[in-house]
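I have placed the structure first, in the form of structure tokens, so that the comments after it can refer back to it.
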Amino acid sequence: MAEAVAEGEANDPVHEAGEAAARLRERYDELRRIESRIDGYGRDRVEAAADAYRRANRILDRYEEDAVGSGDFESYVRFRGEFGDAVDVDDDLPAAEAFEAADEAVDKRRLSDEDFAAAREALEPAGEFVDLLEAYDDAVDDYRAGRKAAKEAQKRLESRLDELREVADMADADLDADLDRLHGPIDSYDEAVMEAFREFFKSASAREVFDFLDRADGTPFVDVDVPPTDLAEYVETHAAGEEPPATLLEYADYTNSKLDHYVDDPGALRTAVAVHRTYLERLDGEPLTLDWPPKPGDELAYEIDELVPLVGRIADDDAVATLRSVRELARTDEYERLRRAAEVRHALDEEDLALIERGEAAERLAEAERTRSVVGDVLNETERE
């Protein structure tokens, strides 16, 4: 259970935004701490110490092999000159004593590997300033990444806030309502009318089908695609219009020689039907179905008033009776309670439905608003020029 909660928080924009703000604050504070250390020494002096340290170590690396023992005297002389210049720093430079000690470690007529090691060891206090500058660069990168992450989390939080406001607005829904009373008959009707239209498309003449679509198009609540003009004209003026649309689609696949046996003008059929094959193939009873979630009661009742005479032309009495039963339910006081529950269940995912069921929608919204305020404050307070 703890793992499930942790995983839920990890994917929650509210939790993510709070965590991102906390990380940004930590990274900003760390950056300011490092900046304060650098400012305490003076940035120019810290950079000068770091540069001198790097330069001195480069010279040690370059000459160690040639300048030790009884090696190349010329290399020894160059080494002493270059190294002396590298460690000749101002007395007030941080770790100035380290450079002086390193110079003393190699201030000999004959140098050994141990002398070079001693010089590197003497320089180590100055190396802390290299580490300090590197830590600063890393802290700047971390801060910038943290700020970017916080801004992105803020955007996701804003989106989640919009969702939570909707959830809070829907908290009045009765999620215990028995939706089967509404969903059952609507599903039953939708399946029946879809099947009825499939049979109508296969058995009624194209003229009847197109006439039905024209009638349906005249009703405000039925959104059908009326036949293209040239296809409608072909069906009206040719004998093939007495055939069902499904049959016309089959004819369109015939060869010309075979088609001669079925229609008087194969070319006209191909021109009218084959060109509009996609239209015919997409025709179905979907425009006659009822929406889910359903419309408000008055609107649904008016829609069904228009559908009943249309559906009665293609479907059986049971389908029409089911449609009328939905209309009767839409006119009852209970309908809006059912419709509201259906609307909320359709709109929300399981997580948000659970907030309503537990009565936590308003509390969750308030928490998200508090988090937004915190994130905004942190972004403002950690802004750098």
Measure the shortest side-chain to side-chain distance between [X] and [Y] over non-hydrogen atoms and say whether it is less than 4.5 angstrom.
| X | Y | result |
| --- | --- | --- |
| Arg372 | Gln154 | no |
| Ser373 | Asp377 | yes |
| Asp349 | Asp352 | yes |
| Glu82 | Arg55 | no |
| Phe201 | Pro244 | no |
| Pro294 | Tyr335 | yes |

Donor-acceptor contact below 3.5 Å, side chain [X] vs main chain [Y]:
| X | Y | value |
| --- | --- | --- |
| Asp115 | Ser112 | yes |
| Asp39 | Gly42 | no |
| Glu208 | Ser205 | yes |
| Arg339 | Gly297 | no |
| Arg37 | Leu132 | no |
| Thr289 | Glu286 | yes |
| Asn57 | Tyr53 | yes |
| Ser325 | Thr322 | yes |

Electrostatic pair [X]:[Y] at N-O distance under 4.0 angstrom:
| X | Y | value |
| --- | --- | --- |
| Arg58 | Asp61 | no |
| Lys155 | Glu152 | no |
| Arg324 | Glu328 | no |
| Glu367 | Arg364 | yes |
| Arg198 | Asp284 | no |
| Arg165 | Asp162 | yes |
| Glu357 | Arg345 | yes |
| Asp291 | Lys295 | yes |

Using the ring of Tyr143 (Phe, Tyr or Trp, six-membered ring only), decide whether Arg384 places NZ or CZ under 6.0 Å from its centre and within 45 degrees of its axis.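 Ring-cation test returns yes.
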Can you tell me if Arg147 and Thr382 form a side-chain donor-acceptor pair at under 3.5 Å?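 A pair is found: one side chain offers a donor N or O, the other an acceptor, under 3.5 Å apart.
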If we count only N and O atoms by modelled type, under 3.5 Å, do the side chains of Thr278 and Glu281 hold a donor and an acceptor together?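 No donor-acceptor contact under 3.5 Å links the two side chains.
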Determine whether Leu283 and Phe197 satisfy the following criterion, side-chain contact (heavy atoms from CB on, under 4.5 Å), listing intermediate values before the conclusion. CA-CA 9 Å; Leu283 283 178; Phe197 190 89; 4.2 Å; yes
Where at least one partner belongs to residues 292-314, residue pairs that pass ring-ring contact (aromatic ring centres under 6.0 Å, His included), sequence neighbours excluded: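 Sorted pair list: His183-Trp292, Phe221-Tyr302.
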List the steps and the verdict of side-chain contact (heavy atoms from CB on, under 4.5 Å) for Glu303 and Leu290. CA-CA 9 Å; Glu303 177 184 8; Leu290 299 176; 4.0 Å; yes
Of all pairs that satisfy side chain to side chain donor-acceptor pair (under 3.5 Å), the ones with a partner from residues 215-244, not counting sequence neighbours: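 Side chain to side chain donor-acceptor pair (under 3.5 Å) check on residues 215-244 returns Arg207-Glu242, Asp211-Arg215, Asp230-His276.
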Please collect all side chain to side chain donor-acceptor pair (under 3.5 Å) contacts where either partner lies in residues 121-136, sequence neighbours excluded, each pair once.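 As it turns out, there is no side chain to side chain donor-acceptor pair (under 3.5 Å) pair with a partner in residues 121-136 once direct neighbours are skipped.
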Begin from the C-alpha positions of Thr332 and Glu334 and carry the test side-chain hydrogen bond (donor to acceptor under 3.5 Å, both in side chains) through to its verdict. CA-CA 5 Å; Thr332 66; Glu334 183 184 13; 5.1 Å; no
Apply side-chain contact (heavy atoms from CB on, under 4.5 Å) to Arg27 and Arg144, showing your working. CA-CA 9 Å; Arg27 292 175 178 183; Arg144 289 172 177 168; over 6 Å; no
Just do the side-chain contact (heavy atoms from CB on, under 4.5 Å) check on Tyr28 and Asp142 with the steps written out, would you? CA-CA 9 Å; Tyr28 176 80; Asp142 289 344; over 6 Å; no
Residue pair Asp91 / Ala96: nearest heavy atoms and the distance that separates them: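 Taking Asp91 first and Ala96 second, the nearest heavy atoms are O-CB, 3.5 Å.
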